[in-house]
Amino acid sequence: MENLKELILCEEIMLKKFLNIFDISFLSNNSKIALAYSGGIDSSVLLDISFTLFCNYKIQFYVFHINHGLSPSSDKWLIHCKNTCKIYKNIIFHSLKIDLFSYKKNIEENARIKRYYALKELCQKYNIKYLLTGHNQDDQAETILLKLLRGSGISGLSGIYAINKKLPLLNNSNIILIRPLLHCSRNEIAHYAQLHSLNYLKDESNNNTRYTRNILRLYVIPLLEKLFPGFKKRFSRFAYHAQSAEKLLNLLAKKDLKICSKEKSIDIGKIKKFDPDRVKNLLRYWLNKYNTKKPSSIWLNKLYNQILEKKCHKQISIMHAQYHIKSYRNQLFCLKKEKINKNINKNINQSFIWDKESKIIFSNFNGVLYFCPVTGDKIGINVSWLRKQFLLIKNKTGKERLKLTKNSYNKNIKNYYREMNIPIWNRFNLPIIYVQNINNTLNFNNLLYAAGIGINYIYQTNKGERICLHWINLDN
């Protein structure tokens, strides 16, 4: 009888903490929920509690197991997870194996990145909105300690969120990551597993002091618990306060970005009016929108100093992860490295005929050429004439000249780029369209269209059926 009372009490405590984070009452019939299941104690308890709750609802319950292949026992873990899920009725089990052998450094971080990518793929495959993981209160304490040791700011000290609606690692805003056991201690989880006689696996790598987190788990946290009993609960409270502070900082940054942003850039002149901390907060928020890794304080200070010292003739250029931060005409841009100078030194050309398509994709030029109908008295290219022409698309050489109207000057294309504020790195992705003549020569008279600028005036008319041309880079 005592054991039964203890079991009921334990279950009530765990269910209450679960429901404090994840209110399942709003779930409708045929909702889909997935659980990341490693076979360890945390995910085994999460599986058992989740099944207890969801069995009363008509919910499609999925269990995903990601096999890293790092342990010699990994295949046995897969079999264990698959067999365990057979015990619970109406559970759909799916596993994926990921390759980590190509990584020699920071295997732990790469395993985490790969694991979340695999979970995202499975959620997308089954159209799942809610993904549950077994992170607990001890994980929160370990995370905050790690961030403190690394000198992280408010964002890092926010620790693990109970609910993530836009987790960068998942890179899918439709997937909501929920950690229902985040307020449960590891002791409470172990107690639940013991009372319910759950069969779970023990990962031998948890004792490997090669990993910093394991050092904290095995040596530092037990000592802190001894010296400061209940410190993990206080760390959880601290994480909540840090998360509130981060939300307020993000609200301020969002407001500042609205003031300073111009399409895909930031006005340097406007952010210079803010105090240093506010500028850095804005830059962190701006970079986060590109799903890049969080910048270090040293790197952020370096960028801020370049902004502060920037003169009209001097351009900002600084690398960050897979991005390049550059300035042009007092505007700050965040660009993928592979996008910059993508077509430099590439002598690409392609002949084609237009047969009234609304668009033509040119993969070699990484863009799409649109043929848009012109109405009224607006000028454009005569459709009947254009269909009879042999056309050529090619990269610019820098020597091309263009005249947009009869009364305008015949100018070098570079001058148009400057006048239209087209950044240098975008110019290489703007091709030229020619009308091919008998002699196959390319000059002003047969230059039809310059992407990003316009149509040669000699091919413009306001009579008959007309179209205009519009080029869009696939990177945009």
Side-chain angles (χ1 to χ4, degrees), residues 263-264 336 338-339 341-423 425-476:
E263 295 181 359
K264 294 184 178 182
K336 280 193 173 180
E338 62 265 24
K339 183 180 175 180
N341 300 345
K342 193 165 189 176
N343 291 324
I344 290 180
N345 299 326
K346 285 187 179 181
N347 186 18
I348 308 172
N349 60 74
Q350 180 181 339
S351 298
F352 69 100
I353 297 173
W354 178 64
D355 192 22
K356 299 198 78 171
E357 300 98 328
S358 61
K359 64 180 180 180
I360 299 177
I361 299 173
F362 292 95
S363 55
N364 287 337
F365 296 85
N366 200 38
V368 182
L369 183 63
Y370 288 87
F371 300 81
C372 309
V374 173
T375 56
D377 295 329
K378 293 180 180 179
I379 57 174
I381 303 171
N382 184 276
V383 169
S384 298
W385 174 84
L386 187 62
R387 291 185 67 190
K388 298 174 185 177
Q389 307 305 313
F390 291 95
L391 304 173
L392 178 74
I393 180 171
K394 71 183 297 295
N395 289 117
K396 74 175 189 66
T397 62
K399 299 178 181 179
E400 295 87 357
R401 303 184 71 83
L402 182 63
K403 191 173 180 180
L404 295 177
T405 64
K406 186 176 181 180
N407 297 322
S408 65
Y409 292 104
N410 181 9
K411 292 190 292 188
N412 190 294
I413 279 184
K414 286 182 180 179
N415 293 331
Y416 284 110
Y417 289 151
R418 294 191 191 102
E419 290 172 8
M420 300 173 82
N421 287 327
I422 298 174
W425 54 87
N426 279 346
R427 300 175 189 178
F428 297 100
N429 297 319
L430 297 174
I432 310 293
I433 310 292
Y434 285 93
V435 177
Q436 296 192 80
N437 55 26
I438 297 173
N439 300 324
N440 205 27
T441 57
L442 303 178
N443 53 45
F444 164 75
N445 290 324
N446 59 341
L447 191 159
L448 174 66
Y449 169 74
I453 300 173
I455 300 167
N456 193 338
Y457 92 96
I458 62 175
Y459 296 108
Q460 298 174 9
T461 180
N462 60 359
K463 296 179 182 179
E465 186 182 1
R466 286 148 285 142
I467 55 97
C468 65
L469 303 179
H470 186 60
W471 176 263
I472 295 289
N473 284 328
L474 292 176
D475 287 330
N476 292 342

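All figures in this text were calculated on a predicted structure; none of them were measured in a lab.
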Which atoms form the tightest heavy-atom contact between Lys359 and Val368, and what is the distance? CB-CG1, 3.8 Å

Residues Trp471 and Gly367: closest non-hydrogen pair is CZ2-CA, 3.3 Å

For Glu465, side chain to side chain contact (heavy atoms under 4.5 Å, CB included) partners two or more places apart: Lys356, Val383

Qualifying residues under ring-ring contact (aromatic ring centres under 6.0 Å, His included), relative to Phe390, sequence neighbours excluded: none

Separation between OH of Tyr449 and CG of Leu430, rounded to the nearest 0.5 Å: 8.0 Å

Does atom NZ of Lys411 have more than 12 heavy-atom neighbours, drawn from other residues, nucleotides or ligands, at distances under 6.0 Å? yes

Side-chain heavy atoms of Ile432 within contact of Leu447, under 4.5 Å: yes

Which distance, rounded to the nearest 0.5 Å, do you find between the CD1 of Ile393 and the CD1 of Ile360? 9.0 Å

Find out whether Val435 and Leu391 are in side-chain contact, i.e. whether some heavy atom of one side chain is under 4.5 Å from a heavy atom of the other. yes

Counting heavy atoms not belonging to Asn421, are there more than 12 under 6.0 Å from its CG? yes

Just so I know, are the side chains of Tyr417 and Lys396 near enough to count as touching, which here means a heavy-atom distance under 4.5 Å? yes

If I take atom CG from residue Leu386 and atom CD1 from residue Ile381, how far apart are they, to the nearest 0.5 angstrom? 5.5 Å

Taking all non-hydrogen atoms of both residues, which atom of Gln436 and which atom of Ser351 are closest, and how far apart? NE2-OG, 3.2 Å

When every non-hydrogen atom of Gly380 is compared with those of Val374, the smallest separation belongs to CA-CG2, 4.4 Å

To the nearest 0.5 angstrom, please state how far the NE2 atom of His470 sits from the CG atom of Leu369. 10.0 Å

Evaluate the side-chain proximity of Ile422 to Tyr416: yes if any heavy-atom separation is below 4.5 Å, no if none is. no

Quick one: pull up CD1 in Ile467 and CZ in Arg387 and give me the separation to the nearest 0.5 Å. 11.5 Å

Counting N and O atoms only, with roles assigned by atom type, does the side chain of Arg466 sit under 3.5 Å from a partner on the main chain of Gly376, one being a donor and the other an acceptor? yes

With side chains defined as the heavy atoms from C-beta onward, is the minimum distance between Asn456 and Leu402 less than 4.5 Å? yes

Hey, does the Lys NZ or Arg CZ of Lys394 hover above the aromatic six-ring of Tyr434, less than 6.0 Å from the centre and inside 45° of the axis? no

Which atom pair, heavy atoms only, marks the closest approach of Ile455 to Cys468? CD1-CA, 4.1 Å

According to ring-ring contact (aromatic ring centres under 6.0 Å, His included), does anything in residues 367-387 pair up with another residue at least two apart or in another chain? List the pairs. Trp354-Phe371, Trp385-Tyr459

Ile348 and Asn364: which non-hydrogen atoms are nearest, and at how many Å? CD1-O, 3.7 Å

Atom pair CD1 (Ile413) and NZ (Lys399), whose distance is rounded to the nearest 0.5 Å: 13.5 Å

State whether the side chain of Tyr457 and the backbone N or O of Ser408 hold a donor-acceptor pair below 3.5 Å, judged by distance alone. no

